[in-house]
Amino acid sequence: MSFYKVPSPKEDARAVFEVLKRGGIAIIPMKVGYGITAIDPDALNRIFCTKRRELHKRHAMVGSYFLHRDIHVLPPREAGMVKLLTVDLNLPLGIVAPYRLEHPIIQKLPPSILAQSVVGGTLAMLVNGGDLLEELSRLATLEKLPIMGSSANLTGKGAKIMVEDIEPEILKVADLVIDYGRQEFDHPRASSTMIDFRTMNVVRYGACYDVVQDALWRFYGIKMPDDPGTWTLSSEQTSANIT
């Protein structure tokens, strides 16, 4: 079912949450393009298959800065970097970091889904994805439910900033599509910049990467690599030099 009207993030987040709790799949607007989300393991597997995901690809958690602080485990300096980027500068960001296995939300993830969501003891979480995601994360946190997802597109075809650009097979698998029109951040490309804060590696060059790069150098003296260009695959990892 497609859903297009004047945005109402709190109301729309409640509608999405009810669909997800019933085992459904929702396509939702994010600042960095449209995402596809689910809670139910079978629904997550349908997303994985429909997107034609490769085995090394992972689900990310839909989150917030507060959920990040509750689930992720980082030393004070790296935690300060996340706060700078997501709170002080209000940037959308994919945070990759070690996580608390004993956290009740993590405990709700079946082993098969957890295995599809973690790499080397780290979990990715999207923070600052927009007002709808913030409210959706708040609702899920209250009920201690993990909302997982990825970009609403076939693997390798790039994140979509408009519903009209999403491939038909992706739209078909969704029980609910929230259409807010063209999304905000697509420079140098849509999708979130993703940083592994355990190693300070760039996992993915995405929206606002130039701002992230400048802030980490300016305030922490960390020289992140230049974006090698739009041809870079999202699965590539490039090491940062710490100075």
Side-chain angles (χ1 to χ4, degrees), residues 1-3 12-30 32-64 67 70-71 94 96 99-127 129-130 132-160 163 166-179 191-192 194 234-235:
M1 177 176 65
S2 187
F3 194 106
D12 298 338
R14 285 194 295 271
V16 169
F17 193 47
E18 290 304 314
V19 166
L20 300 186
K21 286 198 297 181
R22 293 196 300 267
I25 294 171
I27 291 176
I28 56 177
M30 307 182 297
V32 291
Y34 282 82
I36 187 165
T37 59
I39 293 173
D40 180 77
D42 289 338
L44 286 166
N45 284 329
R46 289 201 305 276
I47 291 173
F48 201 90
C49 292
T50 303
K51 283 173 61 77
R52 304 172 197 164
R53 299 283 272 177
E54 299 167 9
L55 292 178
H56 69 278
K57 299 288 188 177
R58 293 295 184 263
H59 301 298
M61 184 170 285
V62 172
S64 66
L67 187 61
D70 208 30
I71 286 182
V96 177
Y99 63 97
R100 303 182 196 278
L101 183 59
E102 74 280 3
H103 193 282
I105 290 179
I106 298 296
Q107 289 292 309
K108 293 284 184 70
L109 287 170
S112 61
I113 298 301
L114 186 62
Q116 292 178 347
S117 305
V118 301
V119 173
T122 64
L123 174 75
M125 183 184 298
L126 175 61
V127 171
L132 189 152
L133 261 71
E134 289 289 324
E135 179 64 11
L136 188 57
S137 177
R138 186 187 73 82
L139 294 172
T141 301
L142 286 174
E143 297 198 26
K144 295 181 171 56
L145 292 173
I147 297 181
M148 311 299 289
S150 57
S151 55
N153 55 270
L154 295 175
T155 296
K157 298 300 183 180
K160 312 303 183 187
V163 166
I166 299 172
E167 293 89 355
E169 51 264 66
I170 301 296
L171 291 171
K172 185 177 180 180
V173 80
D175 300 287
L176 178 64
V177 178
I178 304 290
D179 188 346
S191 76
S192 61
M194 189 174 290
S234 63
S235 58

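When reading the values below, keep in mind they use all heavy atoms of this one structure, side chains included, and skip hydrogens, waters and symmetry mates.
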Test side chain to side chain contact (heavy atoms under 4.5 Å, CB included) applied to Val16 - qualifying residues, sequence neighbours left out = Leu20, Ala26, Ile28, Leu136, Leu176, Ile178
Test side chain to side chain donor-acceptor pair (under 3.5 Å) applied to Glu143 - qualifying residues, sequence neighbours left out | Lys21
Residue list, salt bridge (Lys or Arg N to Asp or Glu O under 4.0 Å) with Arg138, at least two apart or on another chain | Glu135
Can you name the residues that form a side chain to side chain contact (heavy atoms under 4.5 Å, CB included) with Pro110, not counting sequence neighbours?
-> Pro41, Ser112, Ile113
Residues in side chain to side chain contact (heavy atoms under 4.5 Å, CB included) contact with Ala124, at least two apart in sequence or another chain | Ala60, Val96, Met194
Taking only residues two or more places apart in sequence, or in another chain, which ones meet Lys108 in a salt bridge (Lys or Arg N to Asp or Glu O under 4.0 Å)?
-> none
Taken in chain and number order and not counting sequence neighbours, the residues that satisfy side chain to side chain donor-acceptor pair (under 3.5 Å) with Thr37 are none
In short, side chain to side chain donor-acceptor pair (under 3.5 Å) pairs touching residues 115-124 with sequence neighbours left out are His59-Gln116
Identify, with sequence neighbours excluded, every residue that meets salt bridge (Lys or Arg N to Asp or Glu O under 4.0 Å) alongside Glu134.
-> none
Is the side chain of Lys51 donor-acceptor paired with the backbone N or O of Arg46 at a distance under 3.5 Å, no angle test?
-> no
Residues passing the side chain to side chain donor-acceptor pair (under 3.5 Å) test with Tyr34, sequence neighbours excluded, are Asp179
For Asp40, which residues count as a side chain to side chain contact (heavy atoms under 4.5 Å, CB included) partner, sequence neighbours excluded?
-> Asp42, Ala43
Test side chain to side chain donor-acceptor pair (under 3.5 Å) applied to Lys144 - qualifying residues, sequence neighbours left out = none
